2 protein chains.
Amino acid sequence: MNKNKTKPTIRDVANKAGVSISTVSRVMNAPASVVENKRQRVLAAIEELSYQPNAFARGLIYKKSFTLGLLIPDIENMYYAGMIRGMQDACNKLGYSLMICNTDRDKERMISYIDAFHEKQVDGIVFASDKMFPEYYEKLVGCRIPFVMVSSHSDEYDIPCVEVDDEAAAYDAAAYLIELGHRQIGMIGFNHENSISGPPRYEGFVRAMTEYGLTSNIANVKFASHYFEHAYQAAHELFTDHPQLTAVFCVADEFAMGTISYLRDRHILVPGQVSVVGFDNHRMAGMYIPKLTTISQPIYDLGHRAAEKLHELLTTGSVMVPREVLQHKLIVRESSRERATTI
Amino acid sequence: MNKNKTKPTIRDVANKAGVSISTVSRVMNAPASVVENKRQRVLAAIEELSYQPNAFARGLIYKKSFTLGLLIPDIENMYYAGMIRGMQDACNKLGYSLMICNTDRDKERMISYIDAFHEKQVDGIVFASDKMFPEYYEKLVGCRIPFVMVSSHSDEYDIPCVEVDDEAAAYDAAAYLIELGHRQIGMIGFNHENSISGPPRYEGFVRAMTEYGLTSNIANVKFASHYFEHAYQAAHELFTDHPQLTAVFCVADEFAMGTISYLRDRHILVPGQVSVVGFDNHRMAGMYIPKLTTISQPIYDLGHRAAEKLHELLTTGSVMVPREVLQHKLIVRESSRERATTI
DNA sequence: TTGAAAGCGCTAACAA
DNA sequence: TTGTTAGCGCTTTCAA
């Protein structure tokens, strides 16, 4: 092994193999055009030196980094773990690397990460879950970096995206609870402010209540922002205002956990007295006690498709299906059951 | 805004500002050496074109990418979310970007990611949790990429690392259970094969049992590999073989959850009949029902320090503290309590 | 204080 | 089939 401190260049390989640098370049890019004998020598030299072509030099020529950027709001939310997984698998398949940045839903960080992506010349960006503010949009097009959205979309701009039908999914969850016999149903939603899935999930809930003639339930909604603790607090408010509820639809599994925790601290049984359904079906949903009934999002596929769609955009310049909707599914586990019949 | 499709280069900026490219370069790297008037014009041109210097060109010159690579075994394990967060914050602070790769504990993927890092010219690599196999080590030194380990270390090689004292932490967990009055104690550990923290945590358990004269408990150990389901199964085996146990130490929070789930399916109360303590204290530990008593690892700091240590290695060529140990702490919550006194 | 020019490692066009 | 060379976008001498 070469113990030299600096990395070998194409020139070192050429010297060692006794050929010109073009020949080395050819064995890497068009092996067929090099005579067997020399090719072997070059390959041997590459092996011996642990040579890897320098991506800077290549990038300068190809004007491509073969790197994609991912902007996510909160890496500690389990939801994104599955998404990253799907995205990285797609990237591997397509020959890309992935650069992940955690914005903490902070505008300043977001902007500075976009700058970093710009400087690092990422070929494209996947923008996850967040709202596409004009600042972001202007910045992105100003940088001339193609991008797609995942688990989100934009009404103002025409941006390719892959997501789930939040309205329909929320409707399904609420309708399921109604079909179970529940009549006093509450909901814990996302604060609408800056939330992309908050409003449609709320709408789905409202539509279900309306269609089933339970419009009074529309008043039983509290909002929380992302975290367990906030959901716990929201559940407290919800049950303080509406102690009669026998079911609650939560727009995230973490909210369902917060709600169940609250209920348990109040010695209210789930699902014995109150049914709870979550949303996402991330890994923890099946590990919780009780196991969560929830809306399953195809999280892995969302990530996978988003990367593929971005790749499509990069290679063809456009996208066949601008707004792709993946299927959700209700998963019934332990946190919900038929309303206890009054005697 | 420039609607041109290609990204502007330093030449475009120079033209627009009516100066040479060297001057543009200077306003970016040594602003003081450029006369106020021109500097303003250059700055204006940069702004107007949304110009960002090309990292490829810079990298070629500086031989630095200002990018660090992170190799983790399993992104869906909550443990790593906190670590990534800490690492990324450190990277931001130090002016680096972070490239995260999920190896799935697969040797082939590991090797191919190292190749990718090599090609992309990452300045250094953080190697998380996994065992440093000779193949990896040879590869890494062959690539001449500096690296550190986090939540892991190597006995064979001399590699800077930051971790927790697993043996002592496990001892503390086991001793805590003993001090609570438990005498029949079991453990669910990591399969030792290829596990870095498995053996020391087992040793810590054994030492506690030995010091307290409870050596018979050393037989009450089952092993599982990483996932909830495996831990559930291991708990099944443990309690089938040793139904008399009143406490179990689990080497991961996810194992504790699997164990509690199993116990609950068997209608055994936690902590009423059996106390369970976990390890990690990741976010979910405080959300579970019951909330987990666990060993808290400074996960964020582990990630943060690892990045700092790598940076130290990159800039100074060596590291002051080759093997850094961060403090763990026992967090008592709801999943453990004093042994029920026999009447 | 500024500009011209060399060169970082590679690819691709051109010549041989 | 192979080698020579220009040039990708930038920084950094060296001269002016």
Side-chain angles (χ1 to χ4, degrees), chain A residues 2 4-43 45-46 49-67 118-123 143-144, chain B residues 2 4-43 45-46 49-67 118-123 143-144:
Chain A
N2 188 335
N4 191 346
K5 197 66 200 157
T6 61
K7 293 179 185 163
T9 72
I10 197 172
R11 200 154 270 115
D12 298 316
V13 177
N15 286 150
K16 170 148 287 191
V19 298
S20 77
I21 61 168
S22 332
T23 300
V24 177
S25 178
R26 279 187 201 101
V27 342
M28 297 187 301
N29 301 302
S33 71
V34 176
V35 85
E36 174 68 13
N37 166 282
K38 289 195 180 179
R39 191 180 19 184
Q40 290 310 330
R41 292 202 332 253
V42 170
L43 257 13
I46 287 177
L49 296 170
S50 300
Y51 170 76
Q52 270 282 340
N54 184 323
F56 295 148
R58 283 190 152 170
L60 218 39
I61 294 163
Y62 294 137
K63 292 178 190 333
K64 284 207 63 174
S65 59
F66 293 98
T67 299
H118 185 189
E119 198 213 331
K120 297 269 156 74
Q121 309 289 121
V122 302
D123 298 329
C143 292
R144 298 164 195 78
Chain B
N2 188 335
N4 191 344
K5 196 67 201 159
T6 61
K7 293 177 184 164
T9 72
I10 196 172
R11 201 155 269 115
D12 299 317
V13 176
N15 286 149
K16 170 149 285 189
V19 298
S20 76
I21 61 167
S22 327
T23 301
V24 176
S25 178
R26 280 187 200 101
V27 342
M28 296 187 303
N29 302 302
S33 70
V34 177
V35 86
E36 173 68 12
N37 165 279
K38 289 195 180 178
R39 189 178 27 186
Q40 290 310 329
R41 282 188 356 239
V42 170
L43 258 12
I46 287 176
L49 296 170
S50 302
Y51 169 77
Q52 271 280 342
N54 184 322
F56 295 148
R58 282 189 152 169
L60 219 39
I61 295 164
Y62 294 137
K63 294 178 189 332
K64 283 206 63 175
S65 59
F66 293 99
T67 299
H118 185 189
E119 197 214 330
K120 297 269 156 75
Q121 310 286 124
V122 302
D123 298 329
C143 291
R144 298 163 195 79

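Protein chains get the first letters and strands the later ones, always in sequence-line order, with residue 1 at the start of each. None of these values were measured; they are calculated from a predicted model.
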Separation of D/dC8 P from B/Leu60 CG (nearest whole Å):
13 Å

Within this structure, what is the NE2-CG distance for the pair A/His118 and B/Asn54, rounded to the nearest 0.5 Å?
8.5 Å

Looking at every strand, decide which applies to B/Thr23 at a 4.0 Å heavy-atom threshold: base, sugar-phosphate, or nothing.
sugar-phosphate

Check this one for me: any side-chain N or O of B/Ser25 less than 4.0 Å away from OP1 or OP2 of D/dT11?
yes

A/Asp123 and A/Phe66 have their tightest heavy-atom pair at OD2-N, 2.6 Å

Scan B/Tyr62 against the nucleic acid and name what it touches under 4.0 Å (heavy atoms): base, sugar-phosphate only, or nothing.
sugar-phosphate

Rounded to the nearest angstrom, tell me the gap between atom CZ in B/Arg39 and atom P in C/dT1.
10 Å

Is the phosphate of C/dG9, meaning OP1 or OP2, less than 4.0 Å from a side-chain N or O of B/Lys63?
yes

Is there a donor in the side chain of A/Arg11 and an acceptor in the side chain of A/Asn15, or the other way round, less than 3.5 Å apart?
no

Quick one: salt bridge (charged side-chain N to carboxylate O under 4.0 Å, His left out) pairs with a partner in residues 12-33 of chain A, sequence neighbours left out?
A/Lys16-A/Glu48

For DNA chain C, whose closest nucleotide is more 5', that of B/Ala57 or that of B/Val34?
B/Val34

Check for a donor-acceptor pair, side chain of B/Arg41 on one end and backbone N or O of B/Ala17 on the other, with a separation under 3.5 Å.
yes

Integer-rounded Å distance: C/dG7 P and A/Ile10 CD1
18 Å

In whole angstroms, how far is the P atom of D/dC8 from the CD1 atom of B/Ile61?
14 Å

Between the base of C/dT11 and the side chain of A/Ser22, is there a donor and acceptor pair under 3.5 angstrom?
no

What is the distance, rounded to the nearest whole Å, between atom CG of A/Asn15 and atom P of C/dC10?
12 Å

Nucleotide nearest A/Lys38 when distance is taken to its side chain, options D/dC10, D/dG3, C/dG3
D/dG3

Can you identify which nucleotide, out of C/dG9, D/dG3, C/dC8, has its nearest atom closest to the A/Thr9 side chain?
C/dG9

Without decimals, in angstroms, what is the distance between A/Tyr51 OH and C/dG9 P?
10 Å

Could you state the atom-to-atom distance from CZ of A/Phe56 to P of D/dG7 in whole Å?
24 Å

Side-chain N or O of A/Asn54 versus OP1/OP2 of C/dC10: is the shortest distance under 4.0 Å?
no

Rounded off to whole Å, could you give me the CZ-to-C1' distance for the B/Arg26 and D/dC14 pair?
11 Å

Comparing A/Ile21 and B/Ser20 on DNA chain C - which has the more 5′ nearest nucleotide
B/Ser20

